[in-house]
Amino acid sequence: MFTSTRIRLTAWYVGVLGVFLIALGVAVFQLEERQLRTNVERGLHVTAQRARVNVARHGIAYAQAADYGTSYTVSWSDGSGAPAGSNGHPANRASVLAAIAHGSDMRSIERRGITLRIYSEPLPHTRFVVQVARSLEPEEDALHGLLRNMLLGAAACVAVAAVGGWFLAGKSLAPVATAFERQQTFVADASHELRTPLAVIRANAEFLQQEQPDSEEAAEILAETDRLASLVDALLALARGQAGSAAEQVVDLGELVTSSANAMLPLASDRKVALDVEAAPGMELRGNPDQLRQLVLILVDNALRYTPEGGRVSVDARRVDGSAVVAVQDTGIGIDPDALEHVFERFYRADDARTRAFGGAGLGLSIAEQLVTGHGGRISAVSTPGGGSTFTVTIPL
Ligand code: ADP
């Protein structure tokens, strides 16, 4: 029962680490990108400066023929943006005009599928503009490589974190699981130990009642003892259910529902409530027949208990979309909408005064819910106050 908690804890470990890695990755990538761009721009400025110095010292013809290295392309343009001089590389006109207007211009452009960073600067005392360009391909390659390595690293980290998280979650849950088991054992043992003195009290009260048939006290002792005994049984059932010792076998649910509900016929006629049972044949599932029988008894017992004389309780079991659906419907007092959301809670009684008189401890439906979830199903209730209630159990076949 702690496995889902362990999975959830591990998912949290991995999730938090994942978010952290993504944030770190984005920051590293952006810093690296900025750094690489700054380097390129510095190179563009230096090359433009060399061109400018060459022009100033030796004239434009010399500057145009000079060698500026292979990484940077230097081109020249006149004031209209048209190419000028010996370099065959076409100057970017928009950048040339922007440089004339603003003193210099730095921009990125796409040319034949390659991103270029270009810098343009008018040369003082001439009508020329020098433009230096550099392909950003090496930087893009480096960034792709970085991204690939970061993704690989992150995947490895997440895998290690998942394994480590699973191990750590197991370690930290172990004491909780032990404490939980001890508590279950305690409740089971305590309930078990309480049964013997209760049986003794009951026997003595019965003896008293035989001696004094009119004694209200004896009747009271008997009634309270019975209530206490059923409470102890319920506690024991809850503790056992959570220990998860379901002896599984193939069960014909239709047959089981019919026989369990029919066992309640004498009680129904006692209470002057009609009880109909209808169950489809051939609904087989793997489960614990004792628990399933107890489930039906709890629901039918409640329906009979909270339905006044002359009412009707119907039990219906059928197959719906690969699941067995058992519905127990009554025409009883119903449940307030506020109370309806709590009826499956332990020790909850919709109306304390009213239900105490009927002898319920408020554990029946929580046991029912536990039995249903133990079989991989779910239970729900709809009710109209004064109009009756329907409890529906859905168990996958
Ligand atoms: P209890 O032992 O008191 O019946 P349950 O857990 O079985 O405890 O039910 C919780 C409460 O839900 C009951 O006290 C009752 O108020 C309400 N309840 C359950 N079944 C019905 C029903 N069929 N009709 C009306 N109220 C119901």
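Indexing begins at 1, ligand by ligand and atom by atom, following the structure's order. Predicted model, so just to flag it, every value in this text is computed and none were measured.
For ligand 1, none of its N or O atoms has an N or O atom of Ser366 under 3.5 Å away. Considering backbone and side-chain atoms alike, Ile333 places every N or O at 3.5 Å or more from each N or O of ligand 1. Residue-to-ligand polar distances place Gly362 within reach of ligand 1: an N/O pair is separated by less than 3.5 Å. Considering backbone and side-chain atoms together, Asp330 places an N or O closer than 3.5 Å to an N or O of ligand 1.
Set against the non-hydrogen atoms of Val343, the atoms of ligand 1 under 4.0 Å away are 6 (O), 10 (C), 12 (O). Shown in contact with Leu363 at under 4.0 Å from a heavy atom are these atoms of ligand 1, numbered in order with element: 6 (O), 8 (O). Near Arg305, meaning under 4.0 Å from any of its heavy atoms, are these atoms of ligand 1: 1 (P), 2 (O), 4 (O). The Ala303 neighbourhood of ligand 1 comprises atoms 23 (N), with distances under 4.0 Å to a heavy atom of that residue. Short contacts between ligand 1 and Gly364, defined as distances under 4.0 Å to a heavy atom of the residue, involve ligand atoms 5 (P), 6 (O), 7 (O), 8 (O).
In this structure, the side chains of Leu168 and Tyr13 come closer than 4.5 Å at one or more pairs of heavy atoms. Counting only heavy atoms from C-beta outward, the side chains of Leu299 and Val393 approach each other to under 4.5 Å. You'll find the side chain of Leu297 stays beyond 4.5 Å of the side chain of Asp301, heavy atoms only. Contact annotation: the side chain of Met264 never approaches that of Arg271 to less than 4.5 Å [non-hydrogen atoms, C-beta and beyond].
Contacts of Phe391 with ligand 1, taken as heavy-atom pairs under 4.0 Å, involve the side chain alone. With a heavy-atom cut-off of 4.0 Å, Ile335 touches ligand 1 through its side chain alone.
Atom CD of Glu110 sits in a crowded spot, with more than 12 heavy atoms from other residues, nucleotides or ligands closer than 6.0 Å.
One finds no salt bridge joining Glu33 and Arg37 here, because no Lys/Arg side-chain nitrogen approaches an Asp/Glu carboxylate oxygen to under 4.0 Å.
Side chains of Ser77 and Gln131: no donor on one and acceptor on the other come within 3.5 Å.
Ring planes of Phe344 and Phe391: perpendicular class, angle over 60° (limits at 30 and 60°).
Counting heavy atoms only, Leu365 comes closest to atom 9 (O) of ligand 1 of the residues Leu365, Ile367, Ile298. Of all the listed residues (Tyr348, Phe344, Tyr306), Tyr306 holds the heavy atom that lies closest to atom 4 (O) of ligand 1.
For His192 against Leu236, the heavy-atom pair with the smallest separation is N-CD1, 4.4 Å.
Heavy-atom separations between Gly332 and ligand 1 are all 4.0 Å or longer.
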